[in-house]
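Everything on this sheet refers to the single structure shown next.
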2 protein chains.
Amino acid sequence: MPHDRKNKISCNNYECEIEVTLEVLSGKWKSLILWHLCQHKVIRFNEFRRLIPKITQKMLTQQLRNLEENELVNRTVYDETPPVVEYSLTNLGKQLVPILEKMDEWGKKYVNSHIPH
Amino acid sequence: MPHDRKNKISCNNYECEIEVTLEVLSGKWKSLILWHLCQHKVIRFNEFRRLIPKITQKMLTQQLRNLEENELVNRTVYDETPPVVEYSLTNLGKQLVPILEKMDEWGKKYVNSHIPH
DNA sequence: CTGTATCCTTGGTGATACTG
DNA sequence: CAGTATCACCAAGGATACAG
């Protein structure tokens with residue numbers, strides 16, 4: 001597949017289909033980025049930095065680019081000064097939302113059941 | 001929390017609950033291990049190695065121990081020679097199954113829609 | 001405001017050998 | 001069969017400075 005861009009997932013050589021999902025969500029920040037996008041619909045670059053204070057600029061750019069390559073997020077550039085760039089979920093990305101919702105559910109349950117009485 | 005064992009998740013300092021879930025599932029193999037456990041109910045050490053051929057012995061042990069620490073899997077040792085050790089999902093681990101199922105669903109869809117016509 | 005470009009660190013992972 | 005114990009690597013991630 002010579003025309004594949006770097007980091008784009010291949011869909012081949014998987015034992016289970018779940019591995020495809022794990023690959024597109026791999027990395028420290030992607031699921032969190034998608035989760036915020038699912039809740040806010042449209043987010044700008046610096047809004048992400050406020051929503052995810054611990055992420056560095058480099059990682060944010062990198063993960064967003066990768067999500068874009070895998071067609072999970074849209075990147076819309078408005079040609080203004082100062083520049084405006086908005087990110088949102090693609091249809092493919094929206095189909096990941098059930099996963100994220102279940103993750104949120106489990107996390108809430110876990111936290112509640114492990115809070116000191 | 002001085003009595004916490006290493007690697008055990010803390011439940012603190014999270015912006016979103018989803019981060020808790022991401023943390024217990026972090027690592028290259030955990031979700032895959034849980035997915036196999038969800039399908040086979042009980043799996044022995046070397047069965048895992050056959051199910052996940054690419055995993056090394058070290059990583060398998062390490063990830064299983066971490067899943068055990070976080071109370072997602074049970075480790076049952078039968079005192080025989082040669083030794084028999086069986087792994088299975090705890091109740092807490094079973095509650096992760098919906099996440100894994102949604103991941104499997106998405107992966108199947110993605111693969112199908114990206115297969116060359 | 002939304003990024004690039006470098007350099008550097010680290011821990012997650014892999015390879016290999018050994019053991020009760 | 002079901003693990004431990006080392007050694008080593010390197011890519012993911014982080015810090016910082018710069019730019020259109």
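Order of the sequence lines fixes the chain letters, A, B, ..., with proteins taken first and strands second; residue numbering starts at 1 for each chain. Below, all heavy atoms of this structure are taken into account, side chains as well, without hydrogens, waters or symmetry copies.
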Check: Please walk me through it: do B:Leu96 and B:Leu89 pass side chain to side chain contact (heavy atoms under 4.5 Å, CB included)?
Finding: CA-CA 10 Å; B:Leu96 287 169; B:Leu89 292 177; over 6 Å; no
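Of the two residues contacting DNA chain C, namely A:Val85 and B:Thr56, the nearest-nucleotide position lying further toward the 5' end is that of A:Val85. Map B:Gln57 and B:Trp29 each onto its nearest nucleotide of DNA chain C; the residue landing nearer the 5' end is B:Trp29.
At the heavy-atom level, A:Tyr87 lies under 4.0 Å from the strands shown only through sugar-phosphate atoms. Nucleic acid contact class of B:Arg75 (heavy atoms, under 4.0 Å, all strands): sugar-phosphate only.
In this structure, A:Gln63 CD and A:Glu68 CD are separated by 13.0 Å, a value rounded to the nearest 0.5 Å.
C:dT4 atom C1' lies 15 Å from atom CE of A:Met59, rounded to whole Å. The separation between B:Ile55 atom CD1 and D:dA2 atom C1' is 14 Å, rounded to whole Å. Taking atom NZ on B:Lys54 and atom P on C:dA15, their separation rounds to 12 Å, with Å as the unit. As a whole-Å value, the separation of B:Ile52 CD1 from C:dG14 C1' is 16 Å. Look at NZ on B:Lys28: it is 9 Å from C1' on C:dG14, rounded to the nearest Å. Rounded to whole angstrom, the span from the CD atom of A:Glu47 across to the P atom of C:dG3 amounts to 13 Å. Atom pair A:Arg49:CZ and D:dG14:P shows a separation of 13 Å (rounding to whole Å applied). Rounded to a whole Å, the CZ atom of B:Arg65 is 14 Å from the C1' atom of D:dA5.
With contacts defined as side-chain heavy-atom distances shorter than 4.5 Å, the pair A:Ile33/A:Leu51 does not qualify.
No N or O donor and acceptor, one from the side chain of B:Lys58 and one from the base of D:dT4, sit under 3.5 Å apart.
In this structure, B:Trp106 and B:Tyr110 have parallel ring planes: the angle between them is below the 30° cut-off, well short of the 60° mark.
Heavy-atom contacts from other residues, nucleotides or ligands closer than 6.0 Å to NZ of B:Lys30 number more than 12.
Taking 4.0 angstrom as the limit, A:Arg44 places a side-chain polar atom (N or O) nearer than this to OP1 or OP2 of C:dT2.
Residue B:Pro82 places its side chain closer to D:dC1 than to any other of D:dC1, C:dA15, C:dG3.
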